[in-house]
**Q** 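Here it is, the structure, as C-alpha cells.
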2 protein chains.
Amino acid sequence: MGVTLKDVAEAARVSVSTASRALGGGGLASERTQQRLLRIAGELGYRPNTIARGLKTGQSRLVGLLIHNLANASFQVMAEVVQARLKALGYQMLLCIAGDDPQQESDMLGTLADHRVDGLIVVPTGRNGARLAALEAGDIPVVCVVRRDDEAELETVLADDPQGAYAGTRYLIGLGHRRIGLIVGRQDTTSGRERLSGYIRALREADIAVDEALIHAGRYEPETGAVACRTLLDLATPPTALFVANHESALGVLRVTAERRLSIPDDLSLLCYEDTPWFEWHRPAISVVDNGARDLANLAVDRLLHRIEARNGHNAGNGHNAEGAREYRVGARLVKRDSCRSLAPQASEA
Amino acid sequence: MGVTLKDVAEAARVSVSTASRALGGGGLASERTQQRLLRIAGELGYRPNTIARGLKTGQSRLVGLLIHNLANASFQVMAEVVQARLKALGYQMLLCIAGDDPQQESDMLGTLADHRVDGLIVVPTGRNGARLAALEAGDIPVVCVVRRDDEAELETVLADDPQGAYAGTRYLIGLGHRRIGLIVGRQDTTSGRERLSGYIRALREADIAVDEALIHAGRYEPETGAVACRTLLDLATPPTALFVANHESALGVLRVTAERRLSIPDDLSLLCYEDTPWFEWHRPAISVVDNGARDLANLAVDRLLHRIEARNGHNAGNGHNAEGAREYRVGARLVKRDSCRSLAPQASEA
DNA sequence: TAGCGTTTTGCAATCGTTTCCAATTTAACG
DNA sequence: CGTTAAATTGGAAACGATTGCAAAACGCTA
C-alpha cells in the first residue's frame, strides 16, 4: 500500500508540507485545502506511515508492557486494560512476557529500547534495576507495577498489599479462626514481603502468636501451593483457615482439598488473593482479597502517559521526573463470598 | 540515549557506512574494523534505532496478533506462544484485543497497518474480510487462526474441529451415552459450525437420532453456558452427558451443576472443548478435547514467517502468495480425565 | 615495481514524514 | 488603492539508518 504523502500532495497539486499540515489537523492549513486534502487522501487510500513519522518526531507511539505470564488473572486483566487504554490514546502495546526471568527481562528491555518505545510499564523481577534506570535516563519513562524494584528509583504503582493482607487476615480472625495458614509468595519480592507483614500485623493485633509452621513462602505455582497445603493439613493441629496469597497457588490448594474430600468452608475456610472470574463461578464461590488489578493498570497508564505528555511538551525538561520517584497505592478490597465460615456457630445468633 | 551510528563512526574515525556494515554483520567489513566498531559501539552504549532502520528497509520487525480476549485459555497460550516465537526470531508482538467486535477489529487493523507491521495473525470476526484482503494486497501477509474468514481468501490455520467434536462425541457414545447435550458457539463462525457438524456426524454414525432440544448454540460466555445447562437439565428426559464446546461456557455449566449438587461424573458426564490448566487441577479433573492452541499458534507463526521471509527475499515477487489461500489443520486431541463415566456399569466387568 | 583483481572504505542518495524559514497570498484598514 | 499584518504556502533540511556506486587500499604475481 505504497501511497505516500507525496502522492497525495501531487494529486492535490500542493507541496508535501502543505499536505502534511492539512492532514495533520491543528488548523495549520486553510479550511478549504484541509477539506480537499482530506478528501483526496481518502480517495487514494492514504495512511500515514507511523515509522517515518516516528523517525522525525522521535515518538514511536509504542508503549511496552512487560509481565511474567498470561496465566495469572491479574496480568490478564492488566494486559487487557493497558491495551484498551493505550489504544484509546493513540498508542499501541508491545507485550513482552518474561516469565519472571531476569535474563529474559533484560533482553526484552533491550529490544523495547531498540524500538524506541515512548514508555514502559513493567512488573520488575527486581534484578534489572540498572537497566531500568538506564532507560529512564535515556528519556524513556518507566512505571513499575505490582512490585517495586529496589535497585532503581522508579515511579511505582502498587497494590495496597499490607492493607489487603491485613484485612483478609482480620476477616478470618473475626470469624473466630485462630490457626490461619498462610501460603505466600517469594520473600525477595516486595509484594511477597508485604502480604506476609500484613498477615503478621493482624495476628499480633489480635494477640495471636505467630506460628512459623503455618507460614509457607514459595513461588506462585499450583504445585507449590499444593505441597504447602498438604504440609499444613498434615500438621498435628492443622489450621482451620487458609489464606492463599496468590491465584495460581490457589489452584493447587483447591486440588488438594478436593482430593482429601474436605468440604469448603465446612472443614476448612479458604481465602484467596487476586480475583479471577472463575472464583466467582466456582462452587463454593471463593472469597478473595481483590488486589485491584484493573485499578493498578489504569493508574499505571495514567502516570505513564502523564509523563510521556510532559516530556513531549517542554522537551528542554529539567531532567527526568521532577517529582522524584513517587509511589502510588491502589486499594485492595475484601470480597466475601462463600468459602469462609464462622467458627463460633451460635455466637451471633441467640 | 541519543547515541547514533554517526557518533560511533566519529569515535572510530570511519564513515557511517563503514560503521553500519561493521555492526550489521554479514562480513561486509574487515574483521579488524568489525571488532573495533563492535567494541566502540559497546563502550558508547549504542543501540540501533529500529525505527530509522525500518524506514529505510521497509521492515518494522513488528508482527500484529489480533485476538478476542485474554480470558479464554486458548488465546492466552496463543499469545504467549506467538510472542515467544517472534521474539526468538527477532520480531516484536503488537497485541490487539478486539473483543470479537467487527468495529474494533477494523480500527485495529487500521492502526496495525499504519505501524507497517511485517505481518499479522488474526482470529477474524468474519466481518472485515475486505480490510484483511486489502492488507494482504498491500503486501502485508495475513494468517487467520481458529476461524476462517469467508469473505477473504486468506491463508488459514484451523483446529480440526470437525474431527475433535466427532471424537469427543464418539467417546461419550462409546461410554454408553445416548442423550448427549451440546453447548456450542455461534453458528456464524466456522468453528461453531464445525463443532456442531462433528457432533452430528458421530450421532448419525451411531444411529442416534439428533434431538434439536439437546443442542444449544450461543456466545462463548459463562452466563450463556449456565442458561443452556439449566434448560438442558430441566428437560423431561435430560441428557446423561454434556459436551461443552468452549472453555468459557464450561464455567457456567460447572456453576449450575455445583448449585444443583449434581455429582460429576456420577449424575452427569461432562466433556469440554479447549484445555486450560485448571481443568486439570479441578476435582474431578475435567476431560477435554484439546484444540491444540499451542500447535495452532506455532503453525501460524511458521506460515507467517515463511511468507515474510519470502517477501523479503525476492522483492519482485510474482504477486501475493503463490500457493493460493492454503488451509492448514492441526489435530485436536481427546484428553480423558475423570469427568465422564460409563453408563454400562457391569458391561466391561464380569 | 608495475599491474591486476579483490577487499574494504567513503560519498551520497534515499526511505516518508515533520518543521523551520522565507516567500507568497489574503484580508483589513486608512 | 496602497500599506501592513496575518494567514497560508512552498522549499529544504532534518531524523538515523541502509545501500549502490565509485574510489582507495590491499595482496598477489610476474
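Residue numbering restarts at 1 for every chain, and letters A, B, ... go by the order of the sequence lines. Remember, it's a predicted structure, so these values are computed and weren't measured experimentally.
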**Q** So what is the end-to-end bend of the helix from C:dT1-D:dA30 to C:dG30-D:dC1, with 5 pairs used at each end and the value given to 10 degrees?
**A**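 About 40°, once rounded to a multiple of 10°.
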**Q** Under the ring-ring contact (aromatic ring centres under 6.0 Å, His included) test, which residues partner B:Phe75, sequence neighbours left out?
**A**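 B:Phe75: ring-ring contact (aromatic ring centres under 6.0 Å, His included) contacts with B:His68.
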**Q** Considering residues at least two apart in sequence or located in another chain, which fulfil the side-chain hydrogen bond (donor to acceptor under 3.5 Å, both in side chains) criterion with B:Asn69?
**A** none
**Q** Please tabulate the protein-to-nucleotide N/O contacts below 3.5 Å involving nucleotides 15-21 of chain D, giving atom names and distances.
**A**
residue : atom : partner : partner atom : Å
D:dC15  : O2   : A:Lys56 : N            : 3.4
D:dG16  : N2   : B:Ala52 : O            : 3.3
D:dA17  : OP1  : B:Tyr46 : OH           : 2.8
D:dA17  : OP1  : B:Asn49 : N            : 3.0
D:dA17  : OP2  : B:Leu5  : N            : 2.3
D:dT18  : OP1  : B:Arg53 : NE           : 3.0
D:dT18  : OP1  : B:Arg53 : NH2          : 3.4
D:dT18  : OP2  : B:Ser20 : OG           : 2.5
D:dT18  : O2   : B:Lys56 : NZ           : 3.1
D:dG20  : O6   : B:Arg21 : NH1          : 3.3

**Q** Holding to salt bridge (Lys or Arg N to Asp or Glu O under 4.0 Å), I want the full list of residues that pass it with B:Arg21, two or more places apart in sequence or in another chain.
**A**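 Expected list: none.
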**Q** Which nucleotide span of DNA chain C, 5' end to 3' end, has atoms closer than 4.0 Å to non-hydrogen atoms of chain B?
**A** C:dT8 to C:dG16
**Q** Just to be sure I understand the rule, does B:Thr33 reach a base, reach only the sugar-phosphate, or reach nothing, if contact means heavy atoms closer than 4.0 Å?
**A**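 Sugar-phosphate: the residue B:Thr33, judged by heavy atoms under 4.0 Å, touches backbone atoms but no base.
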**Q** Let me know the distance between CG of A:Leu28 and P of D:dA6, rounded to the nearest Å.
**A**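 From A:Leu28 CG to D:dA6 P: 17 Å.
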**Q** Does B:Thr190 have any side-chain hydrogen bond (donor to acceptor under 3.5 Å, both in side chains) partners at least two apart in sequence or in another chain, and if so, which?
**A**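 Here no residue qualifies.
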**Q** Are the side chains of B:Val8 and B:Leu37 in touch, meaning some heavy atoms are under 4.5 Å apart?
**A** yes
**Q** Which residues pass the side-chain hydrogen bond (donor to acceptor under 3.5 Å, both in side chains) test with A:Thr125, sequence neighbours left out?
**A**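 side-chain hydrogen bond (donor to acceptor under 3.5 Å, both in side chains) list for A:Thr125, sorted by chain: A:Glu105.
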**Q** How would you list, by chain and number, every residue that makes a side-chain hydrogen bond (donor to acceptor under 3.5 Å, both in side chains) with A:Gln35, sequence neighbours excluded?
**A**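 Scan of A:Gln35 (side-chain hydrogen bond (donor to acceptor under 3.5 Å, both in side chains), adjacent residues dropped) gives A:Glu31.
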**Q** Apply side-chain contact (heavy atoms from CB on, under 4.5 Å) to A:Val81 and list each qualifying residue two or more places apart in sequence or on a separate chain.
**A**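 Partners of A:Val81 by the side-chain contact (heavy atoms from CB on, under 4.5 Å) criterion, ordered by chain and then number, come out as A:Arg85, A:Arg294, A:Ala297, A:Asn298.
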**Q** Cut-off 3.5 Å, no hydrogens considered: what does the side-chain donor-acceptor table look like for residues 90-99 of chain A, sequence neighbours left out?
**A**
residue : atom : partner : partner atom : Å
A:Tyr91 : OH   : A:Arg61 : NH2          : 3.1

**Q** Got a list of side-chain donor-acceptor pairs under 3.5 Å for residues 50-59 of chain B, not counting sequence neighbours?
**A**
residue : atom : partner  : partner atom : Å
B:Thr50 : OG1  : A:Asp114 : O            : 2.7
B:Thr57 : OG1  : B:Arg53  : O            : 2.9
B:Thr57 : OG1  : B:Gln59  : N            : 3.3

